[in-house]
Amino acid sequence: MTNKEIAKLFRAVAASYSIKNEKKFRFQIIAYQKAADAVDGLTTQLEDLYKEGELEEIPGIGATIKGRLEELFKKGKVKHFEDVMKGIPPSVFVLMEIPSIGPKKAFRISSHFHIKNPQTCINEVEKLAKSGKIAKLEGFGEKSEADILRAISEFKEGKGKTTRILLSYAGEVADQILDYLKKFEYVKDAAPLGSLRRMKPLVGDIDIAATTTKPKQLIEHFIKYKRVDRIIEKGPTTASILTTAGNQIDLMVLSPKKWGSLLQHFTGSKDHNVALREYALKKSLSLSEKGIKNLKTGKMNEFSKEEEFYKSLGLSWIPPEMRENTGEIELALKNKLPKIVELGNIKGDFHIHTSFPVEPSHDLGKNSISEMLQKAKELGYEYLGFSEHNPSQSKHTKQEIIDLILKRNEEVERQNNLHGVKTFKLMETDILPNGELALPEEALEKLDATIVSIHSVFKMGRTEMTKRVLTGLSHPKAKILAHPTGRLLNERYGYDLNFDEIFEFCKKNNKALEINAYPNRLDLYDELIRKAVDGKVLLSIDTDSHAVYQMELMRYGVAQARRGWATKSDIINALSYDEVKKWFSL
DNA sequence: GCCGTTTTCGGCCCGACTGTTTTCAGTCG
């Protein structure tokens, strides 16, 4: 059973509890939902963790659920779950996937109309709604019937919250709406928050907060945005719209005096906020977007600055990228948060593709070596590493490959410091399926170092793939493993590697792992970065640019490093030119 | 059912909006 299926099962159990008796099972419901979230966020298969005896290390899974999981893996089913879900037709759990339909409504409809089949239930409900039968049900009405119909049709089109979009794209959408919001003259502050501010690689809803002295008018202005497909909801302080492109945008508006607490609240994550509020509650303080309420005196404290909000709880300010409730609150209480890396610490970029004709089997860049160097200067870099793909092996003789590399090197050297930016002679060399590098020894010798990466035969077992990568990395010139998991967001999962082994090897042999800043890669990703940092493995944040403008993407890579709690000292390209040169020769 | 810098028992975040309701249930984040 996959993690996705298990998470779904847990949600079904939670839903069953709330159908049976929401009050009585209140905490079981929360526990199973929490466990489902935990499983969903896992990057390792639960079944592997079970085999390795590490189930209890997952926060949100305690003794009881651990026992249920063991039963599930042994027998393929869980007696207790079957009892809890008894009498609830399977269609309920499918109908719940439709926005605005929760467990109660799904159960009411399913049982009243005797709908059971999970495959056909959505169409059956659609038909009932069209014929006006849902509206006659007690507790439903014309509006909720129309709502269900619309929700089903949007669900079928894949609109709204069913899709997650790339961080960079979400940023653009947010910028456009911010520009529009700022046309309303009484807006004081406005910013994208939520997962966008936390810089998660994929963003669901786009959350925007604003302060103004005229909230009602600002909400009216917001919903008149020209790209509105539908207004999802609208109240005095919040509103949500669905854009014609199918993105949901949530706006929350408060007075400028509350900007600090609004920022904190709407940035999340949910887990971070819940943990923070539980902590505050022990001090008789209740937190919300409106401020901090003292439960003893009833007095509400307002905050115009987020730093003050955290400070008044006795915490140092926590960078948004760290707010995932993975230990940051505890450290902030002791004022011991690590000083995580910043964009300004970056002194260069090692993963740069140019248009220099090295005749690779993969793609060339669009701009010249000189143009990329000019951009590097603009970015304030000290150095740039050129790493075109290796010349194709099938179309060239060994000598031709060596000559191509020499020619490219000549040009890189000629440009060294010409624009005030120093250069490194690198390459991005394929690791072949047998672990060998796709460049002859005589060519590798002529390089300062090489980036190595997998670009073919992705479907290998974990052990075999790990061996392949480690063999490739063993070459003394191989210093950086590019886009280590090979994932492409919204397109494909990466290949399977034993990262414990990779980390250990890298640390021992002075190799670095790349954090690829390209928006659909962002790989290594946060969780593995955190483990790499814990294991003292060096990282290199690179843009993988194939054109000048892509060199601006560095900030996304830095953001992932921050999400993984990396500090300046963990990052190779935060070192000076001389230090890098030395490290390459290690 | 989970969890621990007042606790291994007794707590468990906080609020928004909609629709069908005469005071609240359901859903969402």
Side-chain angles (χ1 to χ4, degrees), chain A residues 10 13-15 17-19 22-38 56 58-69 80-81 84 95-109 134-148 151 160-161 193-195 204-207 209 215 219 231-240 248 250-254 261-262 264-293 295 300 314 325 329-331 333-334:
Chain A
F10 284 174
V13 172
Y17 270 130
S18 56
I19 289 165
E22 186 155 51
K23 275 200 179 130
K24 184 177 167 193
F25 298 118
R26 200 177 139 209
F27 297 110
Q28 280 86 345
I29 294 166
I30 294 170
Y32 275 101
Q33 276 165 348
K34 221 174 170 180
D37 287 342
E56 58 253 52
I58 305 164
I61 294 185
T64 308
I65 296 186
K66 181 188 162 221
R68 311 267 192 242
L69 280 172
H80 178 255
F81 290 173
V84 175
L95 290 175
M96 274 172 51
E97 287 174 35
I98 298 185
S100 84
I101 298 185
K104 306 278 180 60
K105 285 186 182 177
F107 184 67
R108 283 273 297 138
I109 294 171
I134 302 273
K136 298 206 173 72
L137 255 184
E138 197 198 327
F140 289 77
E142 306 253 327
K143 279 187 178 173
S144 45
E145 183 177 74
D147 221 40
I148 286 170
K161 59 191 76 163
L193 304 180
S195 49
D205 301 344
I206 294 171
D207 298 319
I219 297 269
I231 298 158
I232 296 168
E233 62 177 34
K234 180 182 79 115
T237 60
T238 69
S240 292
Q248 183 174 331
D250 301 334
L251 175 69
M252 183 174 267
V253 181
L254 286 176
S261 53
L262 177 58
Q264 199 289 321
H265 167 81
F266 220 16
T267 297
S269 66
K270 187 181 152 199
D271 286 348
H272 174 86
N273 284 358
V274 168
L276 201 62
R277 286 176 201 152
E278 280 174 354
Y279 166 75
L281 207 56
K282 287 173 194 155
K283 296 176 142 191
S284 296
L285 298 170
S286 172
L287 314 182
S288 76
E289 64 269 33
K290 297 185 180 70
I292 300 181
K293 190 175 170 184
L295 294 174
M300 174 70 90
N325 192 31
I329 294 175
E330 292 77 359
L331 289 179
L333 270 168
K334 296 185 217 153

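Proteins come first, then strands; the chains are lettered A, B, ... in the order of their sequence lines, and each starts at number 1. If you're wondering where the values come from, they're calculated on a predicted model, not measured in any experiment.
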**Q** Could you tell me if the side chain of Ile148(A) sits less than 4.5 Å from the side chain of Ile98(A), heavy atoms only?
**A** no

**Q** Could you state the atom-to-atom distance from NZ of Lys282(A) to P of dT7(B) in whole Å?
**A** 10 Å

**Q** Measuring to OP1 and OP2 of dC12(B), would you say a side-chain N or O of Arg277(A) lies under 4.0 angstrom away?
**A** no

**Q** Which nucleotide, dT18(B), dG1(B), dC13(B), lies nearest any side-chain atom of Phe27(A)?
**A** dG1(B)

**Q** In terms of side-chain heavy atoms of Glu233(A), which of dT18(B), dA16(B), dG1(B) is nearest?
**A** dT18(B)

**Q** Classify the nucleic acid contact of Glu138(A) as base, sugar-phosphate or nothing, counting any heavy atom under 4.0 Å across all strands shown.
**A**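 Nothing: the residue Glu138(A), judged by heavy atoms under 4.0 Å, touches no strand.
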
**Q** Using the C1' atom as the point on both nucleotides, what is the distance between dC9(B) and dC14(B), in whole Å?
**A** 25 Å

**Q** Give the nucleotide from the list dC14(B), dA16(B), dT27(B) with an atom nearest to the side chain of Ser288(A).
**A** dC14(B)

**Q** Contact class for Arg108(A) vs. all strands (heavy atom < 4.0 Å): base, sugar-phosphate, or nothing?
**A**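 Counting heavy atoms under 4.0 Å across all strands, no contact is made by Arg108(A).
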
**Q** Rounded to whole angstrom, note down the P distance from dT6(B) over to dG11(B).
**A**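 It comes out at 16 Å once rounded to the nearest Å.
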
**Q** P atom, dG1(B) versus dT5(B): distance in rounded Å?
**A** 24 Å

**Q** Between Thr238(A) and dC17(B), is there a contact of a side-chain N or O with OP1 or OP2 at under 4.0 Å?
**A**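 For dC17(B), OP1 or OP2 has a side-chain N or O of Thr238(A) closer than 4.0 Å.
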
**Q** When you compare dT20(B) with dA25(B), how far apart are their P atoms, in angstrom units rounded to a whole number?
**A** 16 Å

**Q** Nearest whole Å is fine: how far is dT20(B) C1' from Lys136(A) NZ?
**A** 17 Å

**Q** From C-beta outward on Ser286(A), which listed nucleotide comes closest to its side chain: dG15(B), dG26(B), dC14(B)?
**A**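 Taking heavy atoms from C-beta onward, the closest nucleotide is dC14(B).
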
**Q** Looking at the side chain of Glu278(A), which of dC12(B), dC2(B), dG15(B) is the nearest nucleotide?
**A**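 Given the options dC12(B), dC2(B), dG15(B), the side chain of Glu278(A) is closest to dC12(B).
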
**Q** How close do Tyr279(A) and Leu333(A) get, heavy atom to heavy atom, and via which atoms?
**A** OH-CD2, 3.1 Å

**Q** From the set dC2(B), dA16(B), dC13(B), return the single nucleotide nearest to any side-chain atom of Thr64(A).
**A** dC2(B)

**Q** Would you tell me if any nitrogen or oxygen in the side chain of Lys270(A) comes within less than 4.0 Å of OP1 or OP2 on dG29(B)?
**A**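 For dG29(B), OP1/OP2 do not have a side-chain N/O of Lys270(A) under 4.0 Å.
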
**Q** Over all heavy atoms of both residues, which pair between Gly204(A) and Ser195(A) is shortest? Give the atoms and the distance, please.
**A** N-OG, 4.3 Å

**Q** Check every strand shown and say whether Phe140(A) touches a base, only sugar-phosphate, or nothing at a heavy-atom separation below 4.0 Å.
**A** sugar-phosphate

**Q** Rounding to the closest angstrom, what is the interatomic distance between dT8(B) and dC12(B) at atom C1'?
**A**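 16 Å, rounded to whole Å.
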
**Q** Minimum heavy-atom separation for His272(A) to Ile329(A), with atom names?
**A** O-CD1, 3.7 Å

**Q** Would you say Lys143(A) places a side-chain N or O within less than 4.0 Å of OP1 or OP2 belonging to dT21(B)?
**A** no

**Q** Between dC13(B) and dC3(B), how many Å separate the two C1' atoms, rounded to a whole number?
**A** 16 Å

**Q** Looking at the side chain of Leu281(A), which of dC12(B), dG29(B), dT27(B) is the nearest nucleotide?
**A** dC12(B)

**Q** Using a heavy-atom cut-off of under 4.0 Å over every strand shown, decide if Glu145(A) touches base, sugar-phosphate, or nothing.
**A** nothing

**Q** Answer with base, sugar-phosphate or nothing: what part of the nucleic acid does Tyr32(A) contact at a heavy-atom distance below 4.0 Å?
**A** sugar-phosphate

**Q** So what does Leu287(A) hit on the nucleic acid, given a heavy-atom distance under 4.0 Å: a base, only sugar-phosphate, or nothing?
**A**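 Result for Leu287(A) = sugar-phosphate.
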
**Q** Under 4.0 angstrom, heavy atoms only, what part of the nucleic acid is His80(A) near: base, sugar-phosphate, or nothing?
**A** sugar-phosphate

**Q** Looking at CG of Leu254(A) and NE2 of His265(A), how far apart are the two atoms once the value is rounded to the nearest 0.5 Å?
**A** 8.5 Å

**Q** What is the distance from CG of Asn273(A) to P of dC14(B), rounded to the nearest Å?
**A** 11 Å

**Q** Quick one: does Ile219(A)'s side chain get under 4.5 Å of Val253(A)'s, heavy atoms only?
**A** yes

**Q** Give the rounded distance in Å between these two atoms: NZ of Lys283(A) and C1' of dC13(B).
**A**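 One finds 17 Å between C1' of dC13(B) and NZ of Lys283(A), rounded.
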
**Q** Kindly point out which of dA16(B), dG1(B), dC12(B) is positioned nearest to the side chain of Ile65(A)?
**A** dG1(B)

**Q** Over 60° means perpendicular and under 30° means parallel, so tell me whether Phe81(A) and Tyr32(A) are parallel, tilted or perpendicular.
**A** perpendicular

**Q** Please state the P separation for the pair dG15(B) and dG10(B) - nearest whole angstrom.
**A** 27 Å

**Q** Between atom NZ in Lys293(A) and atom P in dG15(B), what is the gap in whole Å?
**A** 7 Å

**Q** When you measure from the side chain of Ser144(A), which nucleotide among dG19(B), dC28(B), dC17(B) comes out closest?
**A**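 Ranking dG19(B), dC28(B), dC17(B) by closest atom to the Ser144(A) side chain puts dG19(B) first.
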
**Q** Which nucleotide, if any, forms a Watson-Crick or G-U wobble pair with dC17(B), using both distances under 3.5 Å?
**A**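 Here dC17(B) is engaged in a pair, and the nucleotide opposite it is dG26(B).
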
**Q** Of the candidate nucleotides dG26(B), dC2(B), dC17(B), which contains the atom at the shortest distance from the side chain of Thr237(A)?
**A** dC17(B)

